[in-house]
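Below is one structure, written out as structure tokens, with a few remarks after it.
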Amino acid sequence: MTIRHYLQFTDLSADEYAYLFRRAAQIKAKFKRYEKHQTLADRTLAMIFEKASTRTRVSFEAGMYQLGGTVVNLTAQGSQLGRSEPIEDTARVISRMVDLVMIRTFEQERIERFAEFSRVPVINGLTNEYHPCQIVADIFTYIEHRGAIQGKTVAWVGDGNNMANTWLQAAKLLGFTVHVSTPSGYDIDSTIPGVELGDHVKFFKTPHEACAGADLVTTDVWTSMGWEAEDAARQEAFADWCVDSEMMACARPDALFMHCLPAHRGEEVSADVIDGSQSVVWDEAENRMHGQKALMEFLMLGQLDD
Ligand code: CP
Ligand code: NVA
């Protein structure tokens, strides 16, 4: 059987996403009713964290237990990865013992090397370049609140980072537009393999212009994990890229606000926006778990519509 990895958003087709969002809704409804849904009984997920996490760790771990499976949790420091064991050897060994692997790491190339030597599906839990599981949750959350995302406009305000790259991939695949505004020098890097420009993306000088007419306004930290040495310079460069109520007022009156979290109130978003009525950040965080349960099930068992 061919192994399906989930290393980038483009690893699933638009039809498969339609299934995934339907399935996530079914799985979420059962969770809310305390109904058992144990399609991965006796399966084991290994998680490797080379960067910090709260949501990714809890959503995958709780989700796998709810699916009837178990979880093994590794960090770089607490494993031989931190003592230079090659990622290829780690992949060969771990994938003989578990059914599924989730990795949060630095370069995308590192997860690709792991996947090449893995006997089991590998899921990207965030790399420097991409964060596909987060965009699954974000789009699922949009659909829950507003219906189909096709034809809509998402405003990306802030860093041209892993989240921005993944929004671009999703827009091209699922048929919506991303309005991007980044401070100069922090633009989206279209030389990254898989980051494509085209009709699905438009660039704006000011964040207010990017937000004009948007159905969804979204942002992220100014300094992502791995870029901490640039923090002081970034604080200065991003000062005008704080999503506040004035910026939200440029968007459609029914626009939603999303942030993958963790958030820094007073930096990339004002407290009144993230804690205000247009914000759906807590649903977005919860939906990490429901989306990933659907994803893990899909990678292991294929489509299982009731
Ligand atoms: N959004 C997200 O991935 O959160 P964590 O870094 O806490 O996992
Ligand atoms: N862009 C952020 C996302 C954190 C979930 C980072 O990579 O640190």
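Since the structure is predicted, the reported quantities are computational estimates derived from the model, not experimental observations.
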Please determine if R92 and D89 form a salt bridge, counting it only when a charged side-chain N lies under 4.0 Å from a carboxylate O.
yes
Check: [Y] and [X] side chains under 4.5 Å, non-hydrogen atoms:
X: V195; Y: Y130; result: yes
X: F60; Y: M296; result: yes
X: V273; Y: Q278; result: no
X: T153; Y: F176; result: no

How many angstroms lie between atom [atom1] of [X] and atom [atom2] of [Y], to the nearest 0.5 angstrom?
X: Y6; Y: L100; atom1: OH; atom2: CG; answer: 13.5 Å
X: D220; Y: M258; atom1: CG; atom2: CE; answer: 13.5 Å
X: L74; Y: Q80; atom1: CG; atom2: CD; answer: 10.5 Å
X: N73; Y: E61; atom1: CG; atom2: CD; answer: 6.0 Å
X: T218; Y: I135; atom1: OG1; atom2: CD1; answer: 7.0 Å
X: Q169; Y: Q8; atom1: CD; atom2: CD; answer: 5.0 Å

Are the side chain of [X] and the backbone of [Y] linked by a donor-acceptor contact shorter than 3.5 Å?
X: R252; Y: G213; value: no
X: H200; Y: K172; value: no
X: S270; Y: G266; value: no
X: R234; Y: W222; value: yes
X: R104; Y: I48; value: no
X: T141; Y: A137; value: yes
X: T90; Y: P86; value: yes
X: S59; Y: T56; value: yes
X: S279; Y: D275; value: no
X: Q108; Y: L7; value: yes

Can you confirm whether [X] is buried at [atom1], in the sense that more than 12 heavy atoms of other residues, nucleotides or ligands lie under 6.0 Å from that atom?
X: Q150; atom1: CD; answer: yes
X: R83; atom1: CZ; answer: no
X: R119; atom1: CZ; answer: no
X: D42; atom1: CG; answer: no
X: D199; atom1: CG; answer: no
X: K32; atom1: NZ; answer: yes
X: K28; atom1: NZ; answer: yes
X: R4; atom1: CZ; answer: yes

Walk me through it: do E297 and T39 pass the test side-chain hydrogen bond (donor to acceptor under 3.5 Å, both in side chains)?
CA-CA 7 Å; E297 198 189 66; T39 47; 2.7 Å; yes
Transitively linked via ILVMFWY side-chain contacts under 4.5 Å: [X] with [Y]?
X: I3; Y: F117; answer: no
X: V72; Y: L81; answer: no
X: W227; Y: Y186; answer: no
X: V243; Y: F204; answer: no
X: L299; Y: L304; answer: yes

Are E209 and T206 close enough, and set up right, to give a side-chain hydrogen bond (donor to acceptor under 3.5 Å, both in side chains), and what steps lead you there?
CA-CA 5 Å; E209 288 170 297; T206 70; 2.9 Å; yes
Under a 3.5 Å threshold, yes or no: a donor from one side chain and an acceptor from the other, between [X] and [Y]?
X: Q26; Y: R22; answer: no
X: T219; Y: W241; answer: no
X: Q66; Y: H37; answer: no
X: T223; Y: D231; answer: yes
X: T127; Y: T105; answer: no
X: E50; Y: Q77; answer: no

Distance to the ring centre below 6.0 angstrom and angle to the axis at most 45 degrees; does that hold for K152 and Y142?
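Pair K152/Y142 does not count as cation-pi.
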From CA spacing to verdict: side-chain hydrogen bond (donor to acceptor under 3.5 Å, both in side chains), T191, D189
CA-CA 5 Å; T191 65; D189 180 359; 2.5 Å; yes
Test ring pair (Phe, Tyr, Trp, His ring centres under 6.0 Å) applied to F9 - qualifying residues, sequence neighbours left out:
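Listed in chain order: Y17.
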So, do H290 and F31 have ring centers that fall under 6.0 Å from each other?
yes
Starting from the C-alpha separation in whole Å, work towards a yes-or-no answer on side-chain hydrogen bond (donor to acceptor under 3.5 Å, both in side chains) for E112 and H5.
CA-CA 9 Å; E112 280 166 7; H5 297 300; over 6 Å; no
What are the two closest non-hydrogen atoms of L126 and N124, and how far apart are they?
N-OD1, 2.6 Å
Can R113 and E88 be said to form a salt bridge (charged side-chain N to carboxylate O under 4.0 Å, His left out), step by step?
CA-CA 6 Å; R113 272 163 55 207; E88 294 84 354; 2.8 Å; yes
